[in-house]
Amino acid sequence: MRTFSNETPNKHGDKATVQGWVHSRRDHGGLIFIDLRDHTGLVQLTIRPEAKQAFHDAQGLRDEFVVEAVGTVTERDEKLKNPNISSGDVELVVDTIRVLNKSEALPIQVNTSQTINEDSRLRYRYLDLRRSAMQRMLKKRAEMYTVMRHYMDALDFTEITTPIIANSSPEGARDFLVPSRIHKGQFYALPQAPQQFKQLLMVGGVHRYYQIAACFRDEDPRADRLYGEFYQLDLEMSFVEAGEVVRETTEPLIKKLVTEFAGKKLLSDDIPRIPYHEAMDRFGSDKPDLRIGMELNDLSTDLKDCGFGVFSNAIQNGGVVKAIVAQKLFSRSEIDKLTERAKADGAGGLPYMTVENGRAVSSITKFFSDQELDTIISNLGAQDGDTIFFGSDVRSKVNKVLGSLRSHLGDVLDLKDPSVIALAWIIDFPFYEMDEKTGKLDFGHNPFSMPKGGLEALESDDKLAIVADQYDMVMNGYEICSGGVRNHNPEVLYKVFGVLGFDEDYVESKFGAMLNAFKFGAPPHAGCAFGVDRILMELLGEDNVREVVAFPKNGSGVDVMMQSPSTVDQQLLDELELSHTPQNTE
RNA sequence: GGGCUCGUAGUGAAGUGGUUAUCACGCCUCCCUGUCACGGAGGAGAUCGCCGGUUCGAACCCGGUCGAGCCCGCCA
C-alpha cells in the first residue's frame with residue numbers, strides 16, 4: 001500500500017489505498033481537500049459529502065495526523081491539474097478514511113518554506129526530517145554510499161570494518177575515552193581514524209581495503225566540521241605508489257561523484273597537483289578555492305626601496321609585500337570592513353590602491369615613485385576599476401591575511417559558481433613544522449607518511465625542508481581527502497619520532513603493534529580517506545555539514561533532541577570505579 | 001579559552017526610552033462545493049532568555065550571566 005509513486009503510476013478508475021501524513025487540509029465546508037504526504041511526495045485526497053462517514057472523519061483531521069484513505073483514482077479536469085506536484089494530474093476521491101495516529105499541534109511546521117532556527121530544528125529533528133529537502137538529502141547520502149561501494153568493489157577492494165572500541169592515540173585530536181570495567185583504571189578510546197588498523201590489514205595480506213568508517217574526534221566544531229563523529233571513505237592499497245592511489249583510484253571516483261552523482265561541472269578535467277609551498281604563496285592557503293582567480297603576487301623585489309616605510313621595512317626585516325587584485329571599486333565603508341577583517345587575521349592594516357585611467361590612486365601613492373606605481377599595475381595586470389590590496393609582514397602572516405581576504409572577496413564578488421567544482425591535489429607537505437610560539441618542532445601532518453628521501457632525508461640538518469609523500473585533495477576550498485604513501489619501514493618510523501626527541505621506548509609503547517608488524521614483512525602501501533560529509537555538503541550546495549547529517553550534534557557538542565551528553569546512574573559509575581566532581585547541583 | 005553577531009507568543013520576524021508590545025504562519029470556534037500557501041469572520045496565546053543597575057518610566061541604555069550561530073585557537 002503506497003501513495004502515487006512515479007514507479008507505479010495509478011490510472012483513472014483504479015481503486016487505491018494510500019497511507020501518509022496530513023500535509024495540509026483545505027476544508028471548503030461542503031468539500032474537503034487533504035494533501036497527503038509520504039516518502040514519494042504529495043497526493044490530493046478529495047472528500048465529498050456523499051461519502052458521509054469519510055466526510056465527517058476528514059473534518060476532524062489536523063496537520064500531521066497519520067491516516068489511511070481508500071478511494072478511486074480520478075483524472076482531474078484540465079484546469080484543475082496541479083503542475084507543482086508529481087501526482088497533480090489525478091486525485092483520490094475518498095470512500096473511507098481511517099486515522100492511524102493523531103498529532104498534537106507541531107512545535108515546528110513541516111509544510112512551510114520559512115527558515116526555522118537550527119536549534120528548534122535539531123530539537124525536533126524527527127519533524128525536520130519529514131521536510132522534502134531533508135528526505136532528499138537522506139536519499140542522496142545513501143545513493144553516494146552506493147556509488148562508492150560499487151566503485152570500490154569493482155576495483156577489487158575488500159570492505160572490512162575495524163574496531164570502534166579501540167585505543168587512545170597520542171598524536172592528533174583529543175580522544176573520546178571509554179573506561180574499561182574489566183580492567184580497572186584502563187581505557188579504550190574511539191578511533192580518530194582507522195589509520196593503524198588499515199595499515200595492519202596491509203601487513204595482513206589484504207590487497208586493497210576500504211570502509212565507510214566512523215571517526216571520532218573531541219574537538220570544537222565548525223560549519224564544515226562536525227562535532228564528535230564523522231564519516232570517511234577510508235581506503236588503503238598495498239604494492240602501490242602515490243600515482244596509483246591518486247590518478248587511477250581516487251580521481252575517477254571523485255569525478256564520477258561530481259558529474260554523474262551531483263550533476264555539476266568540473267572546473268578542469270585535469271586535477272592540478274600543487275606543492276604546499278606554492279599553494280601558500282599563490283593562494284595564501286593549503287586549501288585554495290580555485291574557482292576564484294585573484295592570486296597573491298609578490299612585489300617585494302619591485303618595492304624593496306620604496307618610500308613607504310611600512311613596505312620597505314617589512315622587506316628589509318626579511319618579510320614580503322604581496323598584493324591581490326579585485327575587479328571592483330569598493331566604498332569607504334566596505335574598505336573599512338575589509339580592513340577590520342584583515343586586522344582580525346593579524347594584519348596591521350590593509351593598504352589599497354584603486355586603478356583609474358591606468359593610474360594608481362590612493363592616499364599612499366605619494367610614497368611611491370611613478371615608476372614603482374607603473375610596475376605595480378603592470379606586474380599585477382590591474383585594469384581600470386580594480387582595487388589592489390596589499391599585505392606586508394613576514395611571509396606566513398601576509399599569506400594568511402591575503403589568503404583569507406581572497407576567499408572572502410570570492411564570496412563578495414560572487415566568484416564561487418555553485419554549479420562548478422574545482423579540485424586540486426596539494427602535495428609535498430612539510431613533514432615537520434616549527435611552532436611559532438614555542439619554537440619547538442612538531443609533525444606538520446601525518447606522522448605515518450613516508451618522508452620523501454627516507455632515512456637519508458631525516459638525517460639532513462634542515463628538518464623543515466623534509467617533505468612528506470602526502471597528498472590532500474581540495475574541493476572548492478574544502479579539504480576533502482587526505483592520503484599518503486605510508487612509512488612501512490620500522491627503522492624510518494623510529495627516526496621520524498626520534499627527530500622530535502622521542503626515544504625508541506616511547507615509540508614502542510605507543511605504536512608497538514604497528515612497529516612489530518612492520519618487522520615481519522610489511523608491503524609498501526599507500527591510501528587515503530575522503531571526508532564524505534564534507535563532500536556531500538559541497539555537492540549538495542550546502543554551506544553547513546550539519547545539513548547533510550540525520551542527527552548532528554550542535555555547535556557545543558550537544559544533541560538537543562536526545563539530551564546527550566547526560567549524567568548516568570551511580571551504579572554504572574560504581575562498576576567502573578569512576579568518580580567525578582559534581583558540578584553545581586542546582 | 002578568545003573575538004564578532006544574535007536571543008520578543010508554538011514558529012519566523014517588526015519594534016532603539018513613553019498609554020493596552022505589532023505582523024505573518026500555526027492553534028481554537030464559526031461560515032464556505034474545486035482548493036492546492038484555499039478564502040472569510042472572530043478568539044486564545046508573550047513574566048520581550050535570566051539577574052542586577054541607570055531612569056519618573058526599560059523589550060530598547062549599562063553590567064553580569066545563560067544559550068545559539070560564525071570565526072580564531074584546536075582539528076596527526
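Note that these values count all heavy atoms, side chains included, but never hydrogens, waters or copies made by symmetry. Sequence lines set the chain letters: A, B, ... in the order given, protein chains first and strands last, and positions in each chain run from 1.
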Nearest of [options] to any side-chain atom of [X]?
X	options	result
A:Ala223	B:C75, B:C36, B:C71	B:C71
A:Glu50	B:C36, B:U33, B:A68	B:U33
A:Gln109	B:U33, B:G69, B:G26	B:G26
A:Phe33	B:U35, B:C27, B:A37	B:U35
A:Glu219	B:C36, B:C74, B:G10	B:C74
A:Pro107	B:G10, B:C74, B:G69	B:G10
A:Arg225	B:A68, B:G73, B:G10	B:G73
A:Lys400	B:C36, B:A37, B:C72	B:C72

Flag the pair A:Phe197 / A:Tyr209 as yes when their ring centroid distance falls below 6.0 Å, and as no otherwise.
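Ring-ring flag for A:Phe197/A:Tyr209: false, centres at least 6.0 Å apart.
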
For A:Phe443 and A:Phe497, I'd like to know if the aromatic rings sit close, meaning centre-to-centre distance below 6.0 Å.
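Centroid distance A:Phe443-A:Phe497: below 6.0 Å, so yes.
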
Table please: side-chain donor-acceptor pairs of residues 51-60 of chain A below 3.5 Å, with sequence neighbours left out.
| from | atom 1 | to | atom 2 | distance (Å) |
| --- | --- | --- | --- | --- |
| A:Gln53 | NE2 | A:Asp57 | OD1 | 3.0 |

Ignoring hydrogens and geometry beyond distance, is the side chain of [X] in donor-acceptor contact with the base of [N] at under 3.5 Å?
X	N	value
A:Asn117	B:G7	no
A:Arg341	B:C4	no
A:Gln114	B:U11	yes
A:Arg25	B:U35	no
A:Arg62	B:C28	no
A:Arg222	B:G73	yes

Can a donor-acceptor pair be found, under 3.5 Å and without considering hydrogens, that links the side chain of A:Arg125 to the backbone of A:Ala550?
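Side chain of A:Arg125 to backbone of A:Ala550, a donor-acceptor pair under 3.5 Å: yes, one is there.
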
A:Asp175 side-chain N/O to A:Asp218 backbone N/O, donor-acceptor pair under 3.5 Å
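Flag not set: sc A:Asp175 to bb A:Asp218 has no pair under 3.5 Å.
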
Nucleotide opposite [N] in a Watson-Crick or G-U pair, distances under 3.5 Å:
N	answer
B:C6	B:G67
B:A58	none
B:C30	B:G40
B:G17	none
B:G12	B:C23

Describe the nucleic acid contact of [X] in one word from base, sugar-phosphate, nothing, applying a heavy-atom distance below 4.0 Å.
X	answer
A:Thr115	sugar-phosphate
A:Asn544	sugar-phosphate
A:Asn111	nothing
A:Gln192	nothing
A:Pro49	base
A:Asp63	sugar-phosphate
A:Leu80	base
A:Ser24	sugar-phosphate
A:Ser556	sugar-phosphate

I want to check one thing: is the phosphate of B:U35, taken as OP1 and OP2, less than 4.0 Å away from some side-chain N or O of A:Arg26?
no

Should A:Asn554 be listed as having a side-chain N or O under 4.0 Å from OP1 or OP2 of B:A68?
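It does, given that an N or O in the side chain of A:Asn554 lies less than 4.0 Å from OP1 or OP2 of B:A68.
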
Assign each of A:Arg546 and A:Arg76 to its nearest nucleotide of RNA chain B by heavy atoms, then name whichever residue's nucleotide is nearer the 5' end.
A:Arg76

Hey, which sits more toward the 5' end of RNA chain B by its nearest nucleotide, A:Thr46 or A:Arg174?
A:Thr46

So, do A:His28 and B:U35 meet the stacking rule of ring centres under 5.5 Å and planes under 30°?
no

Once the angle between the rings of A:Phe502 and A:Tyr506 is folded into 0 to 90°, is it parallel (under 30°), tilted (30 to 60°) or perpendicular (over 60°)?
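Geometry flag for A:Tyr506 against A:Phe502: parallel rings.
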
Which label fits A:Phe429 and A:Tyr276: parallel for a plane angle under 30°, tilted from 30 to 60°, or perpendicular past 60°?
tilted

Take atom [atom1] in [N] and the same atom in [M], then report the distance between them in whole Å.
N	M	atom1	result
B:G69	B:U8	P	15 Å
B:A14	B:C6	P	11 Å
B:G42	B:C25	P	14 Å
B:G17	B:C62	P	12 Å
B:C36	B:U20	P	41 Å
B:A44	B:U22	P	12 Å
B:G43	B:C23	P	12 Å
B:C61	B:U54	C1'	8 Å

In sequence, state the C-alpha distance, the side-chain angles, and the governing distance for A:Glu479 and A:Arg534, and then conclude on salt bridge (charged side-chain N to carboxylate O under 4.0 Å, His left out).
CA-CA 8 Å; A:Glu479 181 192 318; A:Arg534 225 177 249 175; 5.2 Å; no

Would you mind reading off the distance between A:Glu91 atom CD and B:C38 atom P, rounded to a whole angstrom?
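Going from CD in A:Glu91 over to P in B:C38 covers 15 Å.
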
Which atom pairs, one a donor and one an acceptor, fall under 3.5 Å between side chains of residues 485-492 of chain A and the rest of the protein, sequence neighbours left out?
| from | atom 1 | to | atom 2 | distance (Å) |
| --- | --- | --- | --- | --- |
| A:Arg486 | NE | A:Glu236 | OE1 | 3.3 |
| A:Arg486 | NE | A:Glu236 | OE2 | 2.8 |
| A:Arg486 | NE | A:Gly484 | O | 3.4 |
| A:Arg486 | NH2 | A:Glu236 | OE1 | 3.0 |
| A:Arg486 | NH2 | A:Gly527 | O | 3.3 |
| A:Asn487 | OD1 | A:Asn489 | N | 3.1 |
| A:Asn489 | OD1 | A:Glu491 | N | 2.9 |
| A:Asn489 | OD1 | A:Val492 | N | 3.4 |

